[in-house]
Structures are given as structure tokens and as C-alpha cells.
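Reading through the C-alpha cells given below for one structure.
First the proteins, then the strands, lettered A, B, ... as listed; each starts at 1. In this text, all values refer to a predicted model and were calculated from it rather than measured experimentally.
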There are 2 protein chains.
Amino acid sequence: MTRTFNFSAGPAALPDEVLLEAQRDLCDWQGKGLSIMEMSHRSDEFVAVAERAEQDLRDLMSIPDEYRVLFLQGGATSQFAMLPMNMLRGKTRADYINTGIWSKKAIAEAKRYCDVHLAASTEADRFLRAPDAAEIQLSAETAYLHYTSNETIGGVQFDFIPDTGDVPLVVDMSSDILSCPLDVSRFGVIYAGAQKNIGPAGLTVVIVRDDLLGQTLPGTPTMYDYQVHAQGGSMHNTPPTFGWYLAGLVFQWLKRQGGVQAMAEVNRRKAAKLYAAIDQSAFYANPIAVSSRSIMNVPFTLADDALDAIFLKEAEAAGLLNLQGHRSVGGMRASLYNAVPEAAVDALVSFMADFEKRHG
Amino acid sequence: MTRTFNFSAGPAALPDEVLLEAQRDLCDWQGKGLSIMEMSHRSDEFVAVAERAEQDLRDLMSIPDEYRVLFLQGGATSQFAMLPMNMLRGKTRADYINTGIWSKKAIAEAKRYCDVHLAASTEADRFLRAPDAAEIQLSAETAYLHYTSNETIGGVQFDFIPDTGDVPLVVDMSSDILSCPLDVSRFGVIYAGAQKNIGPAGLTVVIVRDDLLGQTLPGTPTMYDYQVHAQGGSMHNTPPTFGWYLAGLVFQWLKRQGGVQAMAEVNRRKAAKLYAAIDQSAFYANPIAVSSRSIMNVPFTLADDALDAIFLKEAEAAGLLNLQGHRSVGGMRASLYNAVPEAAVDALVSFMADFEKRHG
């Protein structure tokens, strides 16, 4: 097996150990004579896998008992509608913070169901920073405040949790969940597509506080009702069993690494190395305000974008894959999720220095 | 590797060849140095995999050009809401045929969005048969007729396609898609959860005629709009890439077997052997009208249900797994999807004869 360093923004790198375990068991899970993919979701074997995954996630994130953990389908994009449908709870207005492309998508979908008030926006600053805490102004009678803790495309991350008092706080944490310790009790809903820091695409994790369940908008599809999934243990219908299993293997791997505190240290070190390489050079640039720089997704540009294609080609030849920036912004982007080892960043930084010498 | 015979109703057996190929490539797909699960859905590599899967399915089912093929999430249960949301198209009534548990679920969800007229129901006959063509009475001004071609739990299958004239025909084909040749042009929408005859759980295939797109109900979530997925090539957001890939491997395997015509012959032979074993015995029984018997799911009972647990235990010891009937009906059920080899049925029939000798 040859394994490269994979900086994909998502679907993204998975830990080698996890893939090897899944590979070993793919045709014959734990000597049972069939694949985990071929088992009923209601079998004793799969239920044990599913329950362990939930417990491990609860342990890793210290999720309080009054929160339900849901393993759903549809990605964060489905959550953009599920949120107002579940969280308006008789109100007609929701507050959103606009920090870039993913915030905008959440806002656009919410507007189909309610009046959206922008509690803060950094659009005037071309989304090159997250707002300060003092900039966030909640509207009266708002049902909740939604924000995107890490803008995967922009490379902008909040370095604080907004204080909303009694107003439920809702966060799209798709690209930085499990990257560092988090006080879950500050939130009403935390949601994340799995394909960045959790597992394969096709699984969405939703963590929702009990008391917020059960007041959906009229017309809400049954499968968009958090309470239905909470009551059914995320098995109201057949769940994405392989994704759930694989997420469980990732959670076990995270525990073996020392949990999110240990990951946070590695993640901070990885990001610091890459930002230092960028900042120390006149050839590379990252435009994000230092306090808002993402430790997960690092976009950067080359002094001459005519070199972009050569950079990508040479990087690939050096075993550094998927460094192309998002099609909407161009340039480069290195995603440094939990499963991207520090050695990958070291190799990238070394390649960048060498590339600059030859082309700068 | 030990592989058993797996009669699970879903998630269900996958072909050995498919699992072995997926296993071989799991950590390092085609020598690219990363798993197919770790690739962007927009990478050249994954797009080629996705497009080939669609083309192979089009070839296998002879899907006409004016149909879109969507690779979605959420299972058939999500379709139960997506159908009225997309297919009412300004009307307020839809017709449904009620043949059992899955029909009932589709009907219950549709009632949240429109007036449901029962075009036929076999509930008075305890769902022991599908209706005759002559029993189906469409209501005036109906938007579409929905039926369940194969009731996975009841073991009841239509042996004909209802004739609806100009009214769009919609079918839940989750448990018998690809089991035999089909005239797709008779349908407005065909949908199927993947976890029976297509691939792993977490993928849903929807085949929809072009002219039916683009008239969703107000309040339809973006992710519930067929047209959004059709226009985005099922990549409006990140699709379930591994499931899509694995479905593609299954489609290639089906082509190697000779396509659905060849599968239909094997499937009819498998079912005939099992029904013959049941009918020739006074110890086993299947209550379904012969013309409505499913070739995919064969429920059967033992003369004494006190023997059920022993039957299941001994079957498992003989390498015959997941024969327990659905929790709502009890008894036994053998699902004989495409990936269940004829040797599995031979082994089951032989085991049943032996069990009857010892316990009958």
C-alpha cells in the first residue's frame, strides 16, 4: 500500500489505522462471516457498534446527558432547512452571523422559512475575519443564533463562542468538530457533516439539547424532525450503517491519540508551522486576520498565479495531494484535519520552501 | 475469509467479488495513494466513478434519455415526503395502492401534503395478495399513482405494472429493482433505497422523467427538490461517495453476470426452489397468493412457533444467517436478492428438510 499526504477539504483524509481496520474486516467483520455493510441495522452486532460510537463521541466531547446525539443523512446542507423547521418553535425570526460561503448558504435556506436577522456580518471586510464578540447584536424575539464556527472555504474560524444568554446557540461545526475541546453546554444544536473530521461522506452528526425537540413547523417532513430521530435512536429508517461504523472507528482512534485535547495541541502545531511558512515568505500569502485564521483549512496564494498549475503538479508528484483551492476562490488550500499527520505539514512546508527557491 | 450465506432483508448481502474489490482498493484506490472515501466528490477520479455508475445503471435498466438518474441520501422514507412535494404539481390529490407496511408508510407521509385516495387496497385480505389490475380505480384529478412493487416485509410482489394512462406512475422499488427487466418508460418516478439490491445503506436511487421536474410545493427544502439534484448531477452537496462507488461496483458485477435478464432467471429459479420446499411440506407455510408471491422476500412459518428460536440457532450454526422474520410479523423470512447465490438457497432448502426430519 502506498499512502500519500491528502490535504482534501472534504471528503477528506481518514486515519491510516482506521482504513486498515475497515479493510481487514470489510468482507468478514469480526469473524461473523459477513461485512458490517451486510448486517441489519437492528442486529445485535450493529446496534453494539452504533451504541459504542455514540458513547465514544459523548466521551470525547463530554456531551452532557440532556443532549441527544443523532446520526443522520443529508449533510449540513439538509440541516440548513432542518434547523428552522425544528428550532423556530413558534417564533418567526432567527439570527445568523454571516462569515462567508457556508454561512450564506445556511442563511439563504433559512429565509425560506423565517425572517432572518443578521446579528453580525464581515462581508464588508470581504470575510477576511470573524466578527468580534461585541459586534454580535441579537434581535428581539429571535428563535436562535446560528453561526459557522469554521468557514471551510474562506479559512476563517471563530476563536470564541458567542454568548447568547437564553437564546439557543446553533453552530455548523462541519469542518472543526473534534479539533479541540468544546463546552457543549453552551449550545442548543451542534451539527457537522462527517466527511471532514468524523468519517466518510453520507453521515451527519447532530447534537441537540432535549428541551428543544418536538416543535417542528407545519409541513416538516418526518425525516426532518429531530424528535423522530431522537426517539428512534437514529433508526427511524435504515441509517447509513457503514458511515456510522467508520465514524466509530475514528472516535476510537481519537481516544487512542489522547482525545481532543491532544488533537488540539497537534492541530495548533500543524497550523502554526504552515502559517509561519506562509508569513515568512513574500512568495506565499494568506489574507485572513491572524486571530481568525482557521487551524483546519489554510488557503494561500502564490505571488504569481500563473505558477498555480505547476505548484499543484509538482506537489502531486511529491505525494502532496488535493491542494487546489475551492473553485469559487482559486489559489491553494491545505486542509489540516485530525487525520492529516504532522509529517504531512512538515512535507508541505519543505516542498513550499523548495518550490519558492526554484520558482520564486 | 469465511463467508456465510446471508438472507438479510436489508442492509443485505453484497456480491463477494464486489466486497473483495472494495477491500483491495480501500486504502489505496487504483494506486492513487488514497481511499475513494478520501477523495473530493468533484475530483476527476470520483466524477469518473460516479458517471460510470450512472451509465452502467442506464445500460442495465435501459433507462431512456428523458429520465434523470439521481443518487441521493435519506432512504425510501425520505422519498415518502419528496414524492408529494415534487409530484403534486399544482394538484391536491394523489392515488396510492395499499399492499402492506411499506405502502402504509408512504401513504401516511403523503397525507401530510395532500388528499390521498386509495386506488386499491388488499388490507381486507390481510395483504396476502397484490390487487388485480381491474381492481385499481384512479380518482379524478389525481396527481399520480403510487405503489410498492414488492412489499419487503409481507413478501407480496406485483406481477404486472399498473396502467395509468397519462397519470404519472410512481413506484417504490426498493426491494426488487434490478431483479428483472423493466420497461422504465411506463413510469414517472422509480425510487429505491440501495441497501437491498444496489449497494450499502445510505444511498437512494431515484429515476425521474424530465418533464416532471421543477414544480415543488411551497416550503419544500432545497435538498428535497428533484430538480436541484438533477441540475447538480446529484452533487448539489457532497453525495455519499462510498455508497455511490460501491453501487457502481455492483452494477459492473451485474453486467458481468449477464445483466438483469440473466439475474431474473436465477432469481426465479431461487424463489421457485424455496417455495417448492415450503409447499411440499406440511411443516412450513407461506400464506401469500401464488401469483403475488415475491421472488425477493420469502416469509414462511414453522408448524410450531416454539421451534422458531431453535430453527434460527441451528441455521446460524449451519452458516445460514439472518432468517428471522421482521419484528412486526415474526416467523422466518429469506431474502433472495441478486447477491444471494443459488447455492445459498440450495443450502437453505437442504437445511429446512433436515430440520423438519429432526423436529417435524
Side-chain angles (χ1 to χ4, degrees), chain A residues 1-4 6 8-14 16 19-20 22-23 26-28 31-35 37-43 73-78 80-82 85 109 112-113 193 195 200-203 217 219 221-224 236-243 246 319 321-322 327, chain B residues 1-4 6 8-14 16 19-20 22-23 26-28 31-35 37-43 73-78 80-82 85 109 112-113 193 195 200-203 217 219 221-224 236-243 246 319 321-322 327:
Chain A
M1 176 180 80
T2 308
R3 292 274 294 167
T4 53
N6 179 14
S8 177
L14 289 162
D16 289 0
L19 286 170
L20 286 167
Q23 182 178 46
L26 198 76
C27 301
D28 181 11
K32 295 284 180 182
L34 71 176
S35 175
M37 279 186 275
E38 301 177 295
M39 289 180 191
S40 168
H41 52 297
R42 300 195 187 279
S43 64
Q73 299 185 54
T77 306
S78 294
F80 296 162
M82 287 173 81
M85 283 178 153
E109 188 76 0
R112 307 180 69 196
Y113 303 101
Q195 69 272 14
L203 177 73
L217 276 190
T222 299
M223 287 287 286
Y224 269 31
H236 173 71
N237 74 335
T238 311
T241 52
F242 187 72
L246 216 74
L321 301 194
N322 299 318
R327 60 206 146 88
Chain B
M1 176 180 81
T2 307
R3 292 273 295 164
T4 53
N6 178 13
S8 177
L14 289 162
D16 287 0
L19 286 170
L20 285 167
Q23 183 178 43
L26 198 76
C27 301
D28 181 12
K32 296 283 179 183
L34 71 175
S35 175
M37 278 185 276
E38 300 177 296
M39 290 181 190
S40 168
H41 52 295
R42 299 194 187 278
S43 65
Q73 299 184 54
T77 306
S78 295
F80 297 162
M82 286 174 81
M85 285 178 151
E109 188 76 359
R112 307 179 68 193
Y113 303 101
Q195 68 273 17
L203 176 72
L217 276 189
T222 298
M223 287 288 286
Y224 269 31
H236 174 72
N237 74 335
T238 310
T241 53
F242 188 72
L246 215 74
L321 301 194
N322 299 317
R327 61 205 145 90

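Summarising the geometry, atom SG belonging to A:C27 is positioned 6.0 Å from atom CZ belonging to B:R3; distances are rounded to the nearest 0.5 Å. Annotation: the span from B:L20 atom CG to B:L14 atom CG amounts to 11.5 Å, rounded to 0.5 Å. Atom OG1 of A:T4 sits about 5.0 Å away from atom CG of B:L34, to the nearest 0.5 Å.
The choice from A:M37, A:Q73, A:R42 that makes the most heavy-atom pairs within less than 4.5 Å of chain B is A:Q73. Counting heavy-atom pairs closer than 4.5 Å to chain B, the top-ranked of the candidates A:G243, A:A76, A:P239, A:A13 is A:A13. For the set B:G10, B:P240, B:P221, the entry with the most heavy-atom pairs within less than 4.5 Å of chain A is B:P221. For the set A:R327, A:H41, A:M85, the count of heavy-atom pairs under 4.5 angstrom toward chain B peaks at A:R327. Residue with the most contacts toward chain A among B:T241, B:T77, B:L246: B:T77 (heavy-atom pairs, distance under 4.5 Å). With chain B as the partner, the residue from A:L321, A:T238, A:N322 showing the most heavy-atom pairs under 4.5 Å is A:T238. Note on B:S40, B:P11, B:G75, B:G319: by heavy-atom pairs under 4.5 Å with chain A, the leading option is B:P11.
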Residue pair A:R112, A:F80: steps toward the side-chain contact (heavy atoms from CB on, under 4.5 Å) verdict: CA-CA 10 Å; A:R112 307 180 69 196; A:F80 296 162; over 6 Å; no
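Using modelled atom types, one side-chain atom of B:N6 and one backbone atom of A:E38 make a donor-acceptor pair closer than 3.5 Å. In this structure a side-chain-to-backbone donor-acceptor pair under 3.5 Å is present from B:E109 to A:T222. The closest donor-acceptor contact from the side chain of B:Q23 to the backbone of A:Q23 lies under 3.5 Å.
Proximity to chain B involves both the backbone and the side chain of A:A201, based on heavy atoms less than 4.5 angstrom apart. When heavy atoms are compared at a cutoff of 4.5 Å, A:S35 approaches chain B by way of both its backbone and its side chain. Using a 4.5 Å cut-off between heavy atoms, A:L217 makes no contact with chain B at all. Heavy atoms of A:M39 lying under 4.5 Å from chain B belong exclusively to its backbone. Interface residue A:A12: only backbone heavy atoms are found under 4.5 Å from chain B. When heavy atoms are compared at a cutoff of 4.5 Å, A:A22 approaches chain B by way of both its backbone and its side chain.
When all heavy atoms of A:G219 and B:Y113 are compared, the closest pair comes out as O-OH, 2.9 Å.
In this structure, A:F242 and B:Q195 have side chains that are not in contact, with every pair of non-hydrogen atoms separated by 4.5 Å or more.
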